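Shown next, in structure tokens, is the structure this report addresses.
Since the model is a prediction, treat every value here as computed from it, not as a measurement. Naming convention: chains lettered A, B, ... in sequence-line order (proteins, then strands); numbering from 1 in each chain.
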Number of protein chains: 2
Amino acid sequence: MSEATKERVRAAAEQLGYAGPDPRAASLRRGRSGIVGVLLEDRLADAFRDPINIAMLDGIAEETGAVGAGLLLLTESGTELANVTAAPMDAAILIACSTRLDESVARLRQRGLPLVAIEADDIDGVLAIGLDNREATARGAQHLRELGHSRVAVVALPIETGGASGPLPRDWDERATSFTALERLRGARDVFGSFDGWIADGSTIEAGYEAAMALLSSERIPRPTAIIAQSDLVAIGVIRAARQLRLSVPEDLSVLGFDGIDIAEEYELTTLVQPAQLKGRAAGRAVVELLAGGFPEPVGFTCELRIGATTGPAPS
Amino acid sequence: MSEATKERVRAAAEQLGYAGPDPRAASLRRGRSGIVGVLLEDRLADAFRDPINIAMLDGIAEETGAVGAGLLLLTESGTELANVTAAPMDAAILIACSTRLDESVARLRQRGLPLVAIEADDIDGVLAIGLDNREATARGAQHLRELGHSRVAVVALPIETGGASGPLPRDWDERATSFTALERLRGARDVFGSFDGWIADGSTIEAGYEAAMALLSSERIPRPTAIIAQSDLVAIGVIRAARQLRLSVPEDLSVLGFDGIDIAEEYELTTLVQPAQLKGRAAGRAVVELLAGGFPEPVGFTCELRIGATTGPAPS
DNA sequence: CGATTCGATCAAATCGATTCGACTAAGATA
DNA sequence: TATCTTAGTCGAATCGATTTGATCGAATCG
């Protein structure tokens, strides 16, 4: 096209007040909107309070951003089911969703969207990005056992959406719908058989504090010598509760975390370090491949046990 | 419609493999996609590292989610300019964007989208959600002056996109494009006239630590008796650097923060508490109103000076 | 009983970019 | 010179839901 013509077109567009090609029309015709949905279980503030989720999201953004796709945040709460149905996205990434029963996931599948799930049950047609939650927790538990601990308690992440915090029910294996929490519980059981536990209100320091207070000052159950926390934030809360109760860590109480977030290093937390950003990147890359018509393989990541200063020999 | 007909339709849809109404087509016809864009200056991981942004985003989500709109995350980096142009959104919220010159903002305006800017220069047709950055900083600075400080230094947030960390240039008033950093610098100038300063690498503890190390161990400039940090995270970094250098806070060095994030309370930080979530809510509500054809008013929020344990009388 | 109205049903036009096919013109080759 | 490419233009069909206007039947009212 000649430069003069270009200019003439530009001028005409200007005069007519043409605001540029309408993305809506383009996406209808092309069948692509350039949007990848990210479905989060929690409400936004909760989801982003945990550095793990942020790292994952960042990994996702890195890969999807590279092909010019935007990230649409979707939460399952309330009226937003409409959102899941009506959002013009090309694919979706499910983060920590209870995929088994969930209605929104069903809708997404029904729409025929390529789906990638991070840490979820295997589902037909949904590409899984996994983490060895169970084995990793077992490894951490084994570490505690080797230190002589036998009376351990678990502070679990919420095991079902909308569930309240409180003592971990005996039948958690049947009741839990949150995949990650469930797998980590199983890992603890693999080593210790049965144990007491408390469900925290989320992956936050405060929730960990509350839970540990309940566990450590209960008259109903004997005080554990070690606590397996299902996240580092929770573990930090546990440590604070112990301090509050004048228990020293690790002399009186050993604390095991999960995640390996930055702040855990300051506390010299013994924890299971997971590659959160890589997980996100893998999910992002999988989505990109799926959209390009490829057939990406499921990916599984493993955690590394990092021994810090919060676990020690069981008190005699 | 009769129940029988309904069922017949449903069956037919099932048989034809109809995947539900196509949101792309609906959004073309209706002229609405149900998506609100959120334009962030930083890359995602940086933006979400600061609890302030998360709180804001949560506030936004609360209001936009209530009308069934999803949030599309957009960053200005690299190839994503295409994104800003091609994303099918109904409106956009600009967070901490350098609105004056920015190309992406120009594109958004050109597209005729309703725009809401949080903490930005006034622009025609862009609804402003403001914060009294300048006055609040001045109030904090005044507090320091009343404590007898005269040699203060500022650790500033990045004053331009892509700018490196380093000493604060004398001509910051002309060079800065980041509205928030600029206003807070002006607030400090209102009270102290001139001062030394260092530009941090972002709103993180590490960046604050680096900056304070540079400021406090410099041989070029006399050691300040107080440091004005432009965010709480930075302030915490400053405190750590002071500790590292065996300076006690507030005896040897007073530290003033900004934001009032949760973690600041643990440090008993003297800081300017801003209503971050309200800011987000206001922006969200404004967008909703704009989309409904209303004419919302600009909103301005104010910070509250919370005096903690990190500021004290200047050493004699 | 005829006329009016209300509701339901259906066909057609619309949103705006993209893509496909046809057609034209200019240049290259036999 | 005639034919065949190649490039470039242009009109028309398409994506799929929504909305409007028209048509029809039934029920109500005078």
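Closest to the B:Ala25 side chain, of the nucleotides C:dA17, C:dC15, D:dA17, is D:dA17. For B:Arg30, counting side-chain heavy atoms from C-beta on, the closest listed nucleotide (C:dG16, D:dA17, D:dT18) is D:dT18. Closest contact between the side chain of B:Arg29 and the listed nucleotides C:dG16, C:dT19, C:dT14 involves C:dT14.
A:Leu28 has its CG atom 10 Å from the C1' atom of C:dT18, to the nearest Å. One interatomic measurement links the two molecules: CZ of A:Arg24 to P of C:dT18, which rounds to 14 Å at whole-angstrom precision. The distance between atom CZ of A:Arg32 and atom P of C:dT19, rounded to the nearest whole Å, is 12 Å.
Nucleotide D:dC29: paired with C:dG2 (Watson-Crick or G-U wobble, both distances less than 3.5 Å). Across all strands shown, D:dC24 is found opposite C:dG7 as a Watson-Crick or G-U wobble partner, with both distances under 3.5 Å.
Using modelled atom types, one finds no donor on one side chain facing an acceptor on the other under 3.5 Å when comparing B:Thr177 with B:Glu160.
What you find for A:Asp90 and A:Gly31 is that their closest heavy atoms are OD1-O, 4.2 Å. The two residues A:Pro23 and B:Ala87 have their closest heavy-atom pair at CG-O, 3.7 Å.
The side-chain heavy atoms of B:Val38 and B:Leu57, taken from C-beta on, include a pair separated by under 4.5 Å.
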